[in-house]
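Chain naming here is simple, since letters A, B, ... match the order of the sequence lines and numbering starts at 1 in each.
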Protein chains: 2
Amino acid sequence: MVRASPPPSDPAASAQPAASLPRRVTLKDIARALKVSPATVSNAYNRPDQLSPQLRARILETALALGYSGPDPLASSLRRGRAGAIGVVYDATLSYAFADPAASLFLGGLARALEEQNLGLLLIPSPQRPSLQRPDAQNARPQEPSLRAAAQPATGRVQSASVDGFVVYSASDGSELLKAVLGRGLPVVLVDQSQVEGVAYIGIDDAGGARAAARHLLDLGHRQIGVLSLEFGPQGPDEPTGTARGTEQSRGTVTPEREAQLSYHTTAERLRAYRGAAAEAGATLFVMEAQDNTPQEAETLALELLRTTPGVTALLCMSDVLAQGALSAARKLGLEVPGSLSVVGFDDVPSSAALGLSSVHQPTAQKGELAGRALVELLAGGAARELILPTQLMVRGSSGPVRK
Amino acid sequence: MVRASPPPSDPAASAQPAASLPRRVTLKDIARALKVSPATVSNAYNRPDQLSPQLRARILETALALGYSGPDPLASSLRRGRAGAIGVVYDATLSYAFADPAASLFLGGLARALEEQNLGLLLIPSPQRPSLQRPDAQNARPQEPSLRAAAQPATGRVQSASVDGFVVYSASDGSELLKAVLGRGLPVVLVDQSQVEGVAYIGIDDAGGARAAARHLLDLGHRQIGVLSLEFGPQGPDEPTGTARGTEQSRGTVTPEREAQLSYHTTAERLRAYRGAAAEAGATLFVMEAQDNTPQEAETLALELLRTTPGVTALLCMSDVLAQGALSAARKLGLEVPGSLSVVGFDDVPSSAALGLSSVHQPTAQKGELAGRALVELLAGGAARELILPTQLMVRGSSGPVRK
DNA sequence: TTGTACGCGTTATCAT
DNA sequence: ATGATAACGCGTACAA
C-alpha cells in the first residue's frame, strides 16, 4: 500500500496510478504538477514580484487544490538559518510561571517586544520538580550527574529548542538550565538573577526596593517584623537541597543551613536589604521561607508566624502574591490591617492597587519589553548591555503606625 | 583565548585555504575531526547504546573542544518530522493575553500538560491592533483583502510557525487567524469560542454560569442591573468594525449596530444568558462594552454608568478583571459594597477570593490542561472530542440584597 | 524563470 | 557488536 518511492514520473504517460499514499504534499509536488521549477513555487510565496501575477495565481490555486498550505516552516527556517522564535527559560515549571502575575506581566512585556519583530516566544518546559510530593528515599539514589546531564530532559529541551536566542528569567545560581542555555552559544539575555560576565542583563533595584519597604515599616515604629520570603533555592530533583529540607522542624522557618543555600539572587538581595535596614534600626526580623509563591503558602506561614511570635506587628513580603496570602491570614485571625498588622508587598501587581496593598513597585512589563529589545539587538549583532531598573515604594492602606 | 573557528585540521590536503569565516561547527565537522561517520556522531547524542562508551566519550569531548553544542534542533526536527512544540494563538496581542489572569491561568494549565510530553509552547504573535490609537481615516483605505491576506503578518506567523499542532483560544467568529490555523491542516484544539465541525473543542458552560450570576442578583431583589461586558468583536485593522465604533456617542454604551457585530462566542453566550434571566424576572439591564478587559476600562465605564443611570444597584461583570474595576469605581464614588452596590464577576481568578468578590468560578487552569491533553491525543492519532466544563457561582461578600 | 547545490542531521541498510 | 554509506526531509539562494 505504501509507496515510499516517488512515482516513475513519466510525464507523458502520467504514471500516477491512483492517489496512492497520504504522503504530505510538498512544494515540489505542486511544482511538478505545474511543470515549473520548485524555485518558482517558492517565489510565489516569498517573492511575489519575481514572477508573473497570473503564474502566481495558478500556483496558489493548485496549491489550494492539492492541499498544500505553504512552505514548511521547519525547512524554511533551516535553510534561512533563523528559527524565528526566541526561547524563554524559567527556573520553575511553566504552570508555576503563569500562576505568578508578576511573571505573567513580564512575559507579556517580552511578548510585546517580540511581536513587533515578528518573533515567536517559545516557552521551554522545565523539569517538573516534585515539590509537592515529599522527597522520599528513592530520590536519594545518585544519578552519575556527569553523563546523565547531557541527555537529561531538564536541559534537553534547551538543547533541542529551535530558537534564535534565549531569555533566562530568574534562574538560580549554578542552574543547570542556565548552563545549558549558555552552552548553546546563542544570544542570551538574563533577567532578575545573578549576572554572568559578558552576558546581557536586565534587572531591577531589588536592594533599594526592599530597603525602602523595610524602612517604611521601621519608620512607622515596627520593631518586630515578620518576613515572608520567596524561595531560597530550587528544590528540583537535581539540586542538592535535600538535607536542609529534611531537617526542618517547623515548616518555613529558616535555619542557618537553609540560608547557606541561598541561590536565588532576587531573594538574597531582598533579604539582605531587609536585614540591613532592620539592623540599623535595631529591629528584629523573623524570616519564613515560602516554598511556593502562592497566597495559600503565605497564609499558612503567616498564621504560623503570628501564632508563634505574637510580638510581630508587621509583615514584609517578598512578593504581592505572598502579601495577599498574608492579608488573608490577617482576616482569618481577625487582625485589623493596618491597625494590628501592617503588610507590605513587592512587585505591585495590578490587583494590589485594588486591595490597597502597600508594595514596592517595579516596572515588570517594561522589564520584559526591555529584555525583548535587548535580545533583538543582540540578534542584530549588537553588544550585550546591562540595565537596572528602579523600584518605588507605593504606600497604600495596608501599612500604618504600630499600635500597641 | 576564545577559538571560535574550528582548527584547520588538515588531515590530508586540507583544501581549506585558511580558517576563513567563523562558520558554525556542525556535526560533520566533529565527525571529520575524529574520522568517524556523521552517523556515529549522531548516535553519540541520540542512541548512546549504539556505540562504545569510549568512542562516545571521545566524541563528546572533541565536540566540547570544538564548541559544538549538539545537533541542530531545526535540522533534527526537519528530519524527524516533528517540531516538538505546539502553537497557541490568541485573538489579541500576547501582551494582552498575559495581562489577563484568566488567560494566564489557562496558559499555565496548557503548559503543564505539554511539559509532561516535553512539548514546547510557541506563542504566536497576533497582529497589533491599533486599539489605543483611534481609527483615523487612513485605516479606511481598502487593502485588497484577497491576496494581501496570504502574506499578511497577521496570519503569516501562523503559516510559518514550526509546530505540530495548535491551540486556538477565544478567536472571534470568522477570525482570519483561525482560518489560517485550520488551513495548516495540523491537529487543532479550539477553546472558549464557537465550535467548528470536526475540530476538537474545550469550553465551559458560559450560559449556565452567567445565568447563575444573574439569577443570584435577581434573587437578591435587584431590578436595575448594569452589565460590564467583554468585547463584542475584534477591533483589529482587518475587521470591519469601524463604523459602529465611529458612530458611538457615549463610550461603551452598546448600540444595536454594535450588538449585531457580536462575534465573540463567550461574550455572546454570557450576554444572552444575562438577558434571559433578566427578562424572566422583569429586570432591566444596562449594557456597557469594555473595549479592553482591564480594571481601568471597567472603572471608567462603571463610573459613567452609575452617573447616568443612578437606579442601578448591581453590576454583572463578564470577567473578574472588569469586576475589580467596578469595585474601584464603587470606592471612588463612596458606594458601599454590597450595601449600595452589588458586584458579581466571572472567572473567579485567585485574587478574587482575597477581594471577597462574588464570581462565577470556572476551572481555568484545568481547561488549559485538558486542552493540552486533547491536543496530545490528537497528535497521537486520537479522535477529536469536545468537552464542556461546568461553572459554579461563588457567593462572597460583594453581593447582597438590594437596599433602597 | 529555472537549475541545483546547499542547510544539517537522521535513519534505514550494509559491511566488517 | 560496531561502524559506515547514502538517501532523504523541504526549501532557499545564487548563478545562469
For this session: Take atom NZ of A:Lys28 and atom P of C:dT2, then tell me their distance rounded to the nearest Å.
Result: 16 Å

Exercise. For the atom pair CD1 (B:Ile124) and CG (A:Leu119), what is the distance rounded to the nearest 0.5 Å?
Worked result: 12.0 Å

For this session: Rounded to the nearest angstrom, tell me the gap between atom CD in B:Gln54 and atom P in D:dT2.
Result: 8 Å

For this session: Measure the spacing between OG of A:Ser160 and CG of B:Asn118 and express it to the nearest 0.5 Å.
Result: 7.5 Å

Problem set entry | Contacts of type salt bridge (Lys or Arg N to Asp or Glu O under 4.0 Å), residue B:Asp72, not counting sequence neighbours | B:Arg24

For nucleotides 5-7 of chain D, give me every protein contact, N/O to N/O, under 3.5 Å, one pair per line with atom names.
none

For this session: Among residues two or more places apart or on two chains, list those pairs meeting salt bridge (Lys or Arg N to Asp or Glu O under 4.0 Å) that have a residue in residues 370-379 of chain A.
Result: A:Glu116-A:Arg373, A:Glu369-A:Arg373, A:Glu377-A:Arg385

For this session: Take the protein atom CZ of A:Arg80 and the nucleotide atom C1' of D:dC10, then report the distance between them rounded to whole Å.
Result: 12 Å

Exercise. Taking atom C1' of D:dA13 as reference, at what distance in whole Å does atom OH of A:Tyr45 sit?
Worked result: 19 Å

Sequence neighbours left out, cut at 3.5 Å: what donor-acceptor pairs do the side chains of residues 73-88 of chain B make with other protein atoms?
residue	atom	partner	partner atom	Å
B:Ser76	OG	B:Arg80	NH1	3.2
B:Ser77	OG	B:Pro73	O	3.1
B:Ser77	OG	B:Arg82	O	3.3

For this session: Kindly say if A:Ser76 contacts the phosphate of D:dG11, meaning a side-chain N or O under 4.0 Å from OP1 or OP2.
Result: no

Exercise. Out of curiosity, B:Tyr90 OH to B:Leu177 CG, how far, rounded to the nearest 0.5 Å?
Worked result: 12.5 Å

Problem set entry | Contact under 4.0 Å: B:Ser52 side-chain N or O vs D:dG3 OP1/OP2 | yes

For this session: Would you kindly give the CG-to-C1' distance between B:Leu74 and D:dC10, to the nearest whole Å?
Result: 12 Å

Problem set entry | Gap between atoms CG and P, on B:Leu55 and D:dG3 respectively (whole Å) | 5 Å

For this session: Using a heavy-atom cut-off of under 4.0 Å over every strand shown, decide if A:Ser77 touches base, sugar-phosphate, or nothing.
Result: nothing

Show me the side-chain donor-acceptor pairs of residues 61-68 of chain A shorter than 3.5 Å, one per line, residues at least two apart or across chains.
residue	atom	partner	partner atom	Å
A:Thr62	OG1	A:Arg58	O	3.4
A:Thr62	OG1	A:Ile59	O	3.2
A:Tyr68	OH	A:Gly70	O	3.3

Exercise. Would you say A:Asn46 reaches D:dT12's phosphate, i.e. side-chain N/O to OP1/OP2 under 4.0 Å?
Worked result: yes

Seminar exercise, completed: side chain to side chain contact (heavy atoms under 4.5 Å, CB included) filter on B:Val36, not counting sequence neighbours, yields B:Ala31, B:Leu34, B:Thr40, B:Val41, B:Leu55

For this session: Can you sort out the partners of B:Phe166 under ring-ring contact (aromatic ring centres under 6.0 Å, His included), two or more places apart, ordered by chain and number?
Result: none

For this session: Indicate whether OP1 or OP2 belonging to C:dT10 is found under 4.0 Å from a side-chain N or O atom of B:Arg47.
Result: no

Exercise. Are A:Ser42 and D:dA13 close enough that a side-chain N or O sits under 4.0 Å from OP1 or OP2?
Worked result: no

Scan nucleotides 14-16 of chain C against the protein and return all N/O pairs shorter than 3.5 Å with their distances rounded to 0.1 Å.
none

Exercise. Rounded to the nearest 0.5 Å, how far apart are CG of A:Leu114 and CG of A:Leu375?
Worked result: 7.0 Å

For this session: Specify the angle, to 10°, made by the local axes at the two ends of the helix from C:dT1-D:dA16 to C:dT16-D:dA1 when five pairs are taken at each end.
Result: 40°

For this session: Mind checking side chain to side chain contact (heavy atoms under 4.5 Å, CB included) for B:Asn43 and listing every partner two or more places apart, or none if nothing turns up?
Result: B:Arg47, B:Gln50, B:Leu51

For this session: State whether A:Tyr68 places a side-chain N or O below 4.0 Å from either non-bridging phosphate oxygen (OP1 or OP2) of D:dC10.
Result: no

Exercise. With a 4.0 Å cut-off on heavy atoms, is B:Leu51 in touch with a base, just the backbone sugar-phosphate, or nothing at all?
Worked result: sugar-phosphate

For this session: Scan B:Val41 against the nucleic acid and name what it touches under 4.0 Å (heavy atoms): base, sugar-phosphate only, or nothing.
Result: nothing

For this session: Assign A:Arg82 to base, sugar-phosphate, or nothing according to its heavy-atom contacts below 4.0 angstrom with the strands shown.
Result: nothing

Exercise. Atom CD1 of A:Ile30 to atom P of D:dT12: distance rounded to whole Å?
Worked result: 12 Å

Side-chain donor-acceptor distances from residues 178-188 of chain B under 3.5 Å, at least two apart:
residue	atom	partner	partner atom	Å
B:Arg184	NH1	B:Val158	O	2.6
B:Arg184	NH1	B:Gln159	O	3.1
B:Arg184	NH1	B:Ala161	O	3.1
B:Arg184	NH2	B:Ala161	O	3.1

Problem set entry | Integer-rounded Å distance: D:dG3 P and B:Arg32 CZ | 20 Å

Exercise. Looking at CD of B:Glu115 and CG of B:Leu110, how far apart are the two atoms once the value is rounded to the nearest 0.5 Å?
Worked result: 10.0 Å

